[in-house]
Novice: 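Attaching a single structure in structure tokens format; questions to follow.
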Amino acid sequence: MLTLNYDTLTVTAATQIQKDLRDDIVIQARNFPVNIIAGADISFNKFSTTVYAGIILIRFPELIPIGYSLIKKEVLFPYVPGYLAFREASALMGAWEQLPLKPDLLVVDGHGIAHPRGMGIAAHFGVLAKTPAVGCAKKVLCGKYEEPSSEKGSSTPLIFKNEVVGAALRAKNAVKPVFVSPGYGMDVPGTVEIITQCVGRYRLPEPTRLAHNIVNRFRLGEVPEGYTEV
DNA sequence: GCGACAG
DNA sequence: ATCTTGTCGC
């Protein structure tokens, strides 16, 4: 069992952890089938140290939910841009270990290697859980990109330090793009491909959207903690 | 020193 | 991230 606790960490210490974990990142073409994909997200009340984490399992490519793991946890590390994992990964790990079966690929709300030190939450979590992961964010953290054409499915490379670290992906016509990047066990083209296949009728790909949805309902007391099969 | 800054 | 009313467009 892997319990993460970043409560007493300083940002300086967190930076060192990111640099250490960076050596364990594996970026490569996907070499496994995806039958179950998962979405991970966090929800919390403003100014509260209680975070609600959730992971939803989804059959792929049908995009039908099969179950979700929800857990509540106290977290002291604040939100600091570039250090999201130190606030959210601990609770996510709780939800992860509560899963009766693991997904083939995890989609995390946030960035993968499209990060100042190449260690966004999707990479951070993927390395620690030793599981394939990609990041899907609503906003850029670092890097530059050309606006993708307005038609759904178009994408442009996200470049940071002269390196392609991800992509801006137009999931739907005439809506803002989402930013995807590999986290662990995936590469940029493979990440764009699979996320594209996860788009339903909304801007956010289903794993991210459904995870956000269920964890929010959990925070509001509409669904119970633990694992629920659907 | 000045902006930018995942959730 | 969360809260919130109204407005625009398919």
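Both backbone and side-chain heavy atoms feed into the values below; hydrogens, waters and symmetry mates do not. Protein chains get the first letters and strands the later ones, always in sequence-line order, with residue 1 at the start of each.
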Novice: What is the distance, rounded to the nearest whole Å, between atom CZ of A:Phe44 and atom P of B:dA6?
Specialist: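 My rounded result for the distance is 12 Å.
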
Novice: Any base atoms under 4.0 Å from A:Asn45, or only sugar-phosphate, or nothing? Heavy atoms, all strands.
Specialist: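 Counting heavy atoms under 4.0 Å across all strands, no contact is made by A:Asn45.
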
Novice: How are the rings of A:Tyr145 and A:Phe179 set relative to one another: parallel (under 30°), tilted (30 to 60°) or perpendicular (over 60°)?
Specialist: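 Plane angle over 60°, so perpendicular.
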
Novice: Give the rounded distance in Å between these two atoms: NZ of A:Lys138 and P of B:dC5.
Specialist: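 In whole Å, B:dC5 P and A:Lys138 NZ are 15 Å from each other.
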
Novice: Test of understanding: clusters of I, L, V, M, F, W, Y form through side-chain heavy atoms closer than 4.5 Å, transitively. Do A:Ile214 and A:Leu210 belong to the same one?
Specialist: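 Same cluster: A:Ile214 reaches A:Leu210 through Ile, Leu, Val, Met, Phe, Trp or Tyr contacts under 4.5 Å.
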
Novice: Taking the six-membered ring for Trp, are A:Tyr68 and A:Phe218 closer than 6.0 Å centroid to centroid?
Specialist: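 Between A:Tyr68 and A:Phe218, the centre distance exceeds or equals 6.0 Å.
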
Novice: Check A:Ile195, A:Thr196, A:Val178, A:Leu169 against A:Ser155 for a side-chain contact (heavy atoms from CB on, under 4.5 Å) and give me the one that passes.
Specialist: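 For A:Ser155, the side-chain contact (heavy atoms from CB on, under 4.5 Å) check succeeds only for A:Leu169.
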
Novice: Let me know the distance between CZ of A:Arg117 and P of B:dA6, rounded to the nearest Å.
Specialist: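 It works out to 13 Å between those atoms.
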
Novice: To the nearest Å, give me how far apart NE2 (A:His115) and C1' (B:dA4) are.
Specialist: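 Rounding to the nearest Å, NE2 of A:His115 and C1' of B:dA4 are 14 Å apart.
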
Novice: Are there more than 12 heavy atoms of other residues, nucleotides or ligands under 6.0 Å from atom NZ of A:Lys72?
Specialist: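 Count not over threshold, so no.
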
Novice: Nearest whole angstrom, please: distance from the C1' of B:dG7 to the CZ of A:Arg87.
Specialist: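 Distance, rounded to whole Å: 8 Å.
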
Novice: Using a heavy-atom cut-off of under 4.0 Å over every strand shown, decide if A:Lys46 touches base, sugar-phosphate, or nothing.
Specialist: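 The residue A:Lys46 makes base contact.
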
Novice: Taking salt bridge (charged side-chain N to carboxylate O under 4.0 Å, His left out) as the test, write out the residues that go with A:Arg117, two or more places apart.
Specialist: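 So A:Arg117 forms no salt bridge (charged side-chain N to carboxylate O under 4.0 Å, His left out) with any residue.
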
Novice: Starting at atom CD1 of A:Ile121, determine the distance to atom C1' of B:dA6, rounded to an integer number of angstrom.
Specialist: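 A:Ile121 atom CD1 is separated from B:dA6 atom C1' by 9 Å.
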
Novice: Ignoring backbone atoms, establish whether A:Tyr83 has a side-chain N or O less than 4.0 Å from OP1 or OP2 of B:dA6.
Specialist: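 The answer is no; no side-chain N or O of A:Tyr83 sits under 4.0 Å from OP1 or OP2.
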
Novice: What is the nucleic acid contact for A:His212, judged by heavy atoms within less than 4.0 Å: base, sugar-phosphate only, or nothing?
Specialist: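 If one applies the 4.0 Å heavy-atom cut-off, A:His212 turns out to touch the sugar-phosphate alone, with no base involved.
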
Novice: Between A:Phe77 (CZ) and B:dA6 (C1'), how many Å, whole number?
Specialist: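 It works out to 14 Å between those atoms.
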
Novice: Indicate, with yes or no, if the rings of A:Tyr6 and A:Phe77 have centres closer together than 6.0 Å.
Specialist: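 Judged by ring-centre distance (under 6.0 Å), A:Tyr6 and A:Phe77 do not meet the cut-off.
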
Novice: Could you give the start and end, 5' to 3', of the contact zone on DNA chain C for chain A, using atoms under 4.0 Å from its heavy atoms?
Specialist: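 Extent of the interface on DNA chain C: C:dA1 to C:dC3.
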
Novice: Considering every strand and a 4.0 Å limit on heavy-atom distances, what is the contact class for A:Gly82: base, sugar-phosphate, or nothing?
Specialist: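 Base, at least one base atom sits under 4.0 Å.
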
Novice: Rounded to whole angstroms, how far apart are NZ on A:Lys139 and P on B:dA4?
Specialist: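 Taking atom P of B:dA4 as the reference, NZ of A:Lys139 is at 13 Å.
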
